[in-house]
Structure formats: structure tokens, C-alpha cells
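Only this structure's heavy atoms are used, side chains among them; waters, hydrogens and symmetry mates stay out. Please read all numbers here as calculations on a predicted model, not as lab measurements. The first residue of the sequence shown is numbered 1, and numbering continues consecutively from there.
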Amino acid sequence: MTAPLLAHATPHGRMYARSTTEQPSVPSITTVISQLPTSLGGWFGHMAASALSRDPRLPVALGNPSELRSAVRDAASAAERYRDEAALRGTRVHHYCEQVALRALGRPEELDAARLALEENGETGFADRFDDWWDLYDVRPVEPELTVWNTELGYAGTLDLVATIGGRTCLIDYKTKNTDRDGFVKALDDKVVMQLVAGMKAEECLVDPEKGEWRAWPHGDQPLLLGVAVGQTEVRAMRANPEVLRTHWLRFCALRRAWEAGLLAEEAGRALLPVSPPPSAAVPTGSALPA
């Protein structure tokens with residue numbers, strides 16, 4: 001997947017600039033959505049316990065405190081390893097999807113190299129199923145990896161694909177998904193609707209990142225919003241329900257305000273200050289330190 005040239009990692013999350021010569025000024029769509037509280041404690045515990053139970057050192061380690069500590073330490077990082085591996089796999093799959101669109105548009109592409117990278121990691125199924133879906137739905141790409149901007153609310157993001165399917169303009173977001181025990185790709189999270197509706201509400205889209213050239217967003221007139229789960233066994237496209245778009249947009253707006261409030265709180269200075277004990281009764285009241 002081509003990294004958006006205007007996106008930057010910052011202490012406040014991923015942010016976007018208006019050109020390659022400017023500093024980032026607005027948060028990314030995914031940074032805004034990340035303000036939504038999530039609890040991963042149970043998942044982290046499950047991953048650690050599963051990793052420890054499968055560790056071949058465990059039988060010997062039970063009688064060796066030093067070895068047991070080492071096994072527990074390795075198990076504790078199982079969730080981070082899984083997350084990092086999943087992120088790399090997602091990058092490979094997204095890159096392949098982008099190259100398919102670029103080849104269809106007749107632009108420079110690296111499709112063969114992208115498929116080879118999947119093959120080398122035992123992930124050919126993702127490419128095969130994606131190709132099947134692409135042909136079945138007769139996807140006609142307009143623009144892959146399109147960066148968009150909303151000045152009024154203050155955010156930016158990059159859409160995986162703008163395309164036409166069945167004569168309808170579609171905004172598409174790919175999600176790389178595992179397969180369940182029954183061989184079906186796992187379900188998409190409802191948060192993808194917020195991501196898509198934020199893209200739909202864009203005001204501008206990028207023309208030239210070096211010059212900072214933008215144009216008016218041409219795809220906001222009720223496009224079809226598709227979350228596409230890409231798995232090894234199937235690809236499943238899900239349409240955002242038009243009846244819920246307004247509520248998900250309002251939720252996104254609230255999260256954008258929450259992000260800004262957090263930024264202002266960080267920049268305001270120290271939130272807690274030391275306090276001295278109350279003055280002794282023998283000390284005149286006027287000599288006490290100010291509150």
C-alpha cells in the first residue's frame with residue numbers, strides 16, 4: 001500500500017498536511033475514530049495464556065523458576081507480536097488490492113511483486129479471492145488511495161478506492177480479515193461506517209501533494225459506501241445502511257471534538273501541582289503559601 005505522502009506520525013496520532021512542504025495540521029480519520037474507548041484487556045490475557053500453554057518449554061519450566069519467568073515474559077508479548085504480524089499482512093494485502101486497480105487503470109504498477117510477497121508468506125488465498133470478487137462485481141476503478149480533506153470539521157484521510165460498480169459510484173475500504181472455523185471471513189466492525197461516512201463528507205481531494213493542489217470533492221452525492229472484508233477463503237462486501245449514516249457522522253464529529261479537547265488539555269500545562277502541608281498554628285496566617 002502506498003503510504004500517503006501527506007500523512008505524518010505525531011505524538012497526537014496520525015495527522016495530515018496540505019502539502020509536502022507544510023506541517024501536519026489536522027488528524028486522520030482513523031486517529032479520530034481511535035478516540036472511541038475500547039477494552040482489549042481480555043484479548044491480551046487470552047493471547048498470553050494461549051501462547052504460554054503452547055510453549056514447548058513449559059513442562060521443564062514448571063520446575064525451573066528462571067525458565068518459567070522467561071516463558072511468561074515471552075507469552076506476555078504474544079498479543080503485540082500478533083498485532084504486528086497482522087499489520088504487516090494487512091499492508092501486503094492492501095498493496096495487492098491497490099496494484100490491481102492501478103493495472104486496470106493502465107498506470108505504473110507492481111502487481112506481480114505484490115502477489116509474490118503474498119505467496120512468500122503463505123497468503124496467496126487473499127489475492128485469489130480478491131481477484132474473484134473483483135471480476136464478479138465488475139469493479140471499475142476511478143482512483144485508488146485517494147487522499148481527502150474536510151476543512152470545516154478539520155480532518156483528512158485516504159480512501160482505499162473510489163470505483164463504479166453496477167453504474168454506482170462506490171467509496172471502498174478494505175479490511176483484511178481472518179477466517180472462522182466454518183470457513184467464512186470474519187465480520188466487519190461497525191466502525192467502518194464512520195470511516196466511510198467521513199470520507200463521503202470530504203470537501204476536497206488531492207491532486208498534487210508536492211504543490212499542495214486540491215480540487216472540490218466530486219463524490220459526495222450519495223455514493224455507495226462499501227466495507228470489503230478480504231480473507232483467504234472469501235471476500236465479502238457490506239454496504240453501509242443509508243438510514244444510519246447521520247448518526248455515525250454525528251458520532252465521528254463528537255470524537256473529533258474529543259481529540260481536540262485532549263490536545264488542548266495536553267498543551268494547557270501540568271494538570272496536577274504539589275501542595276504543601278497547612279501552616280503550623282504558630283505561624284501567622286498571612287505567611288501561608290498562596291493556594
Side-chain angles (χ1 to χ4, degrees), residues 3-45 47-48 73 76-77 79-84 86-87 91 147-159 189-206 209-212 214 217 246-291:
L5 285 178
L6 302 185
H8 302 264
T10 79
H12 310 296
R14 196 182 204 193
M15 296 181 66
Y16 277 78
R18 291 287 290 178
S19 74
T20 55
T21 60
E22 298 180 39
Q23 293 299 309
S25 58
V26 298
S28 72
I29 291 173
T30 51
T31 292
V32 170
I33 294 174
S34 72
Q35 304 305 300
L36 195 65
T38 56
S39 176
L40 297 175
W43 178 74
F44 273 80
M47 293 298 294
R73 187 168 53 250
S77 62
E80 286 84 357
R81 291 197 303 273
Y82 178 88
R83 177 201 59 203
D84 294 344
T91 297
T147 296
V148 298
W149 192 284
N150 181 302
T151 299
E152 183 177 1
L153 186 59
Y155 68 86
T158 299
L159 300 170
D189 192 298
D190 284 353
K191 289 196 294 290
V192 72
V193 176
M194 267 198 295
Q195 191 169 349
L196 288 164
V197 77
M200 181 184 73
K201 292 285 189 177
E203 298 168 347
E204 298 174 282
C205 58
L206 184 62
E210 302 288 345
K211 296 179 181 178
W214 300 74
W217 174 237
R246 182 176 182 276
T247 56
H248 283 262
W249 168 244
L250 292 176
R251 191 181 201 185
F252 181 83
C253 293
L255 292 173
R256 172 59 179 80
R257 290 192 291 271
W259 176 85
E260 185 169 3
L263 183 62
L264 292 173
E266 290 180 16
E267 294 175 345
R270 295 177 62 182
L272 293 170
L273 298 173
V275 59
S276 59
S280 167
V283 179
T285 304
S287 64
L289 293 175

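- Using modelled atom types, no side-chain atom of Asn150 and backbone atom of Ala198 make a donor-acceptor pair closer than 3.5 Å.
- Nearest approach of Trp149 to Ser25, heavy atoms of both residues: CH2-OG, 3.7 Å.
- To the nearest 0.5 Å, atom CD of residue Glu210 and atom CG of residue Leu6 are 8.5 Å apart.
- Heavy atoms from other residues, nucleotides or ligands lying under 6.0 Å from CD of Glu267 number more than 12.
- The side-chain contact (heavy atoms from CB on, under 4.5 Å) test with Pro27 singles out one residue from Val32, Ile33, Leu263, and that residue is Val32.
- The shortest heavy-atom contact between Ser19 and Gly212 is CB-CA, 3.5 Å.
- For the atom pair CD1 of Ile29 and CZ of Arg14, the computed distance is 10.5 Å after rounding to the nearest 0.5 Å.
- Nearest heavy-atom pair, Trp217 versus Ala202, reported as atom, atom and distance to 0.1 Å: CD1-O, 3.0 Å.
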Step by step, work out the side-chain contact (heavy atoms from CB on, under 4.5 Å) result for Trp214 and Glu203. CA-CA 10 Å; Trp214 300 74; Glu203 298 168 347; over 6 Å; no
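- With rounding to the nearest 0.5 Å, the separation of CE in Met194 from OG1 in Thr30 is 11.5 Å.
- For the atom pair CE (Met200) and CG (Leu159), the distance works out to 11.5 Å, reported to the nearest 0.5 Å.
- Of the listed residues (Phe252, Trp259, Tyr16), just one forms a side-chain contact (heavy atoms from CB on, under 4.5 Å) with Tyr155, and that residue is Phe252.
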Does the pair Val148 and Thr158 meet the rule for a side-chain contact (heavy atoms from CB on, under 4.5 Å), with working shown? CA-CA 6 Å; Val148 298; Thr158 299; over 6 Å; no
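- Going from atom CE of Met15 over to atom NE2 of His8 covers 9.5 Å, rounded to the nearest 0.5 Å.
- Remark: Arg251 CZ to Leu36 CG distance equals 4.5 Å, nearest 0.5 Å.
- Taking a 6.0 Å sphere around CG of Leu273, one finds it holds more than 12 heavy atoms contributed by other residues, nucleotides or ligands.
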